[in-house]
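So that the names make sense, note that chain A is the first sequence line, chain B the second, and so on, each numbered from 1.
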Amino acid sequence: MGIKKSKEKISKVKGENEDFFLQVYQVVRLIPKGRVTSYGAIAKYLSAPKASRSVGYAMNTSHTKKPVVPAHRVVNRDGLLTGKHHFSPSSSMQKKLEAEGIKVKKDQVLNFKKVFWDPTIELAL
DNA sequence: CGATTGACGTACG
DNA sequence: TCGTACGCCAATC
């Protein structure tokens, strides 16, 4: 019988865990043009309000997923483009947002509350 | 398998 | 009101 090798991960079972990332990507793709959301809102929608960090981590690898995830529509709860440094160039994030009608000033989304798109409400789980 | 990191968020001083 | 510390969850080294 196959005793687990040292390289095998037994601390966690792979399965629905992968869904978490997929759910994150899916929700981000559902963000309407000209709207933005926050990591916490997505995490909360996935029944993990404290997993906001994991959502951010998921976005980190989002650029390798297809179709391309509009990560530029995801900001922190303050409406700050905290993830802009992950874009190349970093200013491209703001540029994309402005191209959608979202005004950005000093890495901050103007009228953030107005353009905020809450999946827990819009998707009405 | 254990420790560290990270595009966050909330609590505390 | 602002700044700092801690917690949470998953991935990576």
Just the rounded figure in Å: distance from [atom2] of [N] to [atom1] of [X].
X	N	atom1	atom2	answer
A:Gln23	C:dC9	CD	C1'	16 Å
A:Lys50	B:dT10	NZ	P	8 Å
A:Tyr39	C:dA10	OH	P	18 Å
A:Tyr25	C:dA10	OH	P	14 Å
A:Asn60	C:dA11	CG	C1'	10 Å

Side-chain donor-acceptor pairs under 3.5 Å in residues 70-78 of chain A, sequence neighbours left out?
from: A:His72; atom 1: NE2; to: A:Glu100; atom 2: OE2; distance (Å): 3.1
from: A:Arg73; atom 1: NE; to: A:Glu100; atom 2: OE1; distance (Å): 3.0
from: A:Arg73; atom 1: NE; to: A:Glu100; atom 2: OE2; distance (Å): 3.1
from: A:Arg73; atom 1: NH1; to: A:Ile31; atom 2: O; distance (Å): 2.9
from: A:Arg73; atom 1: NH2; to: A:Glu100; atom 2: OE2; distance (Å): 2.8
from: A:Asn76; atom 1: OD1; to: A:Asp78; atom 2: N; distance (Å): 3.2
from: A:Asn76; atom 1: OD1; to: A:Gly79; atom 2: N; distance (Å): 3.1
from: A:Asn76; atom 1: OD1; to: A:Leu80; atom 2: N; distance (Å): 2.7

Ignoring hydrogens and geometry, is there a side-chain-to-backbone donor-acceptor pair from A:Tyr25 to A:Ala58 under 3.5 Å? yes
Between the main-chain N or O of A:Phe87 and the side-chain N or O of A:Ser90, is there a donor-acceptor pair closer than 3.5 Å? no
Check every atom of [options] against the side chain of [X] and return the nucleotide holding the closest atom.
X	options	result
A:Ala51	C:dA10, B:dA7, C:dC9	C:dC9
A:Ser54	C:dA10, B:dG9, B:dA7	C:dA10
A:Tyr57	C:dT12, B:dA7, C:dC8	C:dT12

Any residue of [range] with a heavy atom less than 4.0 Å from an atom of DNA chain B:
range	value
residues 102-118 of chain A	none
residues 86-97 of chain A	A:His86, A:Phe87
residues 63-85 of chain A	A:Ala71, A:Asn76, A:Arg77, A:Thr82, A:Gly83

Considering every strand and a 4.0 Å limit on heavy-atom distances, what is the contact class for A:Ser38: base, sugar-phosphate, or nothing? sugar-phosphate
[X] versus [Y]: any side-chain heavy-atom pair under 4.5 Å?
X	Y	answer
A:Leu110	A:Val104	no
A:His63	A:Val69	no
A:Met59	A:Val28	yes
A:Pro119	A:Thr37	yes

By the salt bridge (charged side-chain N to carboxylate O under 4.0 Å, His left out) test, which pairs, at least two apart or in different chains, include something from residues 105-120 of chain A? A:Lys84-A:Asp107
Should A:Phe21 and A:Val68 be counted in the same cluster of Ile, Leu, Val, Met, Phe, Trp and Tyr side chains packed under 4.5 Å apart? no
Which one of A:Lys95, A:Gln94, A:Lys96 satisfies the side-chain hydrogen bond (donor to acceptor under 3.5 Å, both in side chains) criterion with A:Glu98? A:Gln94
Quick note, ring-ring contact (aromatic ring centres under 6.0 Å, His included) partners involving residues 91-114 of chain A, not counting sequence neighbours, are A:Phe112-A:Phe116
